[in-house]
Amino acid sequence: MSETPPSLLGLTTYLLSKTGKAARSRLAARLAERDLRLWHMAVLSALIDFGPHVQRELASRLGIDRSDIVKIVDDLALAGLVDRARDTADRRRVTVTPTPAGRAVLAELQDDARSVQATMLAPLNAREQGQLAALLKRVHAHVHASPVASNVHGGPAVSRPGR
């Protein structure tokens, strides 16, 4: 049995990292049951929350490398969850739109995410869960508003799925 050193338990960043990793792992396992990954859910969420997007702009909005967004959108299109259309004026531009099936699947994925969230937050009462959510939203907004905080190396923070 491994025991966490008390000095690490005193670091909120350590606790956030370990708890986030556990939550991500549990949600990823639920998505894998549907042959989907977290990036598939993120893309569907963005398309439904913000509307159809040009593929390149979708990658930028989500912080996904442009070469990776192609594979993610291909997967979703193959599953019938999104439609793609080439711009008639500029054939390089591909607009991605969620299908009705994509909307239905996202609703199911959100139910899965809420289930994982309920399990992870079970030790907290409803008021504490609300407080935690509010505090994390403030930290999230701060991290994403500060270019230095988003990437310690000074460049744009771009995520590579599966890495």
Side-chain angles (χ1 to χ4, degrees), residues 1-53 57-65 68-69 71-73 75-76 79-82 96-153 155-163:
M1 178 178 161
S2 69
E3 189 174 337
T4 304
S7 60
L8 291 177
L9 292 176
L11 295 172
T12 303
T13 50
Y14 176 82
L15 296 171
L16 281 169
S17 174
K18 295 300 274 188
T19 304
K21 184 176 180 180
R24 180 183 178 96
S25 178
R26 290 177 186 193
L27 181 55
R30 294 288 293 269
L31 297 178
E33 293 171 7
R34 301 171 187 272
D35 292 323
L36 295 172
R37 296 177 57 193
L38 292 164
W39 284 117
H40 295 118
M41 184 177 180
V43 167
L44 284 172
S45 294
L47 292 172
I48 291 166
D49 289 351
F50 303 121
H53 269 63
E57 293 165 1
L58 183 61
S60 177
R61 169 167 253 160
L62 293 174
I64 300 172
D65 187 89
D68 291 324
I69 194 74
K71 171 71 171 118
I72 295 165
V73 170
D75 292 346
L76 293 171
L81 304 179
V82 300
V96 184
T97 306
T99 64
R103 291 178 182 279
V105 165
L106 180 61
E108 294 169 8
L109 298 178
Q110 289 170 332
D111 286 343
D112 288 344
R114 280 189 280 279
S115 174
V116 169
Q117 179 174 294
T119 300
M120 294 295 299
L121 300 181
L124 305 178
N125 65 36
R127 184 182 58 76
E128 291 168 330
Q129 288 181 25
Q131 286 176 319
L132 178 61
L135 293 169
L136 288 173
K137 285 177 186 175
R138 280 178 41 199
V139 172
H140 180 269
H142 168 73
V143 167
H144 293 282
S146 168
V148 173
S150 66
N151 185 337
V152 295
H153 302 293
V158 175
S159 295
R160 300 284 308 222
R163 292 182 179 93

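- Atom CG in Leu132 sits 6.0 Å away from atom CG in Leu124 (nearest 0.5 Å).
- Taking 4.5 Å as the limit, every side-chain heavy atom of Ile69 sits out of range of all side-chain heavy atoms of Val96.
- Under the rule for a side chain to side chain contact (heavy atoms under 4.5 Å, CB included), the partners of Glu57 that lie at least two apart in sequence or sit in another chain are His53, Val54, Arg93.
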Donor-acceptor contacts under 3.5 Å from residues 42-49 side chains, at least two apart:
residue : atom : partner : partner atom : Å
Ser45   : OG   : Met41   : O            : 2.9

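- Applying the side chain to side chain contact (heavy atoms under 4.5 Å, CB included) rule to Arg138 yields the partners Leu135; only residues at least two apart in sequence or on another chain are considered.
- For the residue pair Gln110/Arg114, the side-chain donor-acceptor check at 3.5 Å is not satisfied.
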Q: Please test Arg34 against Glu108 for side-chain contact (heavy atoms from CB on, under 4.5 Å), starting from the C-alpha separation and ending with a verdict.
A: CA-CA 10 Å; Arg34 301 171 187 272; Glu108 294 169 8; 2.7 Å; yes
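- Residue Leu81 holds its CG atom at 9.5 Å from CG of Leu106, rounded to the nearest 0.5 Å.
- When the side chain to side chain donor-acceptor pair (under 3.5 Å) test is applied to Arg30, the partners found at least two apart in sequence or on another chain are Asp112, Ser115.
- Applying the side chain to side chain donor-acceptor pair (under 3.5 Å) test to residues at least two apart or on different chains, none of the pairs has a partner in residues 10-19.
- Atom CG of residue Leu58 and atom CZ of residue Phe50 lie 10.0 Å apart, to the nearest 0.5 angstrom.
- Between Gly80 and Thr99, the shortest heavy-atom distance links the atoms O-OG1, 2.7 Å.
- Between Pro123 and Glu128, the shortest heavy-atom distance links the atoms O-OE1, 4.2 Å.
- Lys71 pairs by the side chain to side chain donor-acceptor pair (under 3.5 Å) definition with Asp75, not counting sequence neighbours.
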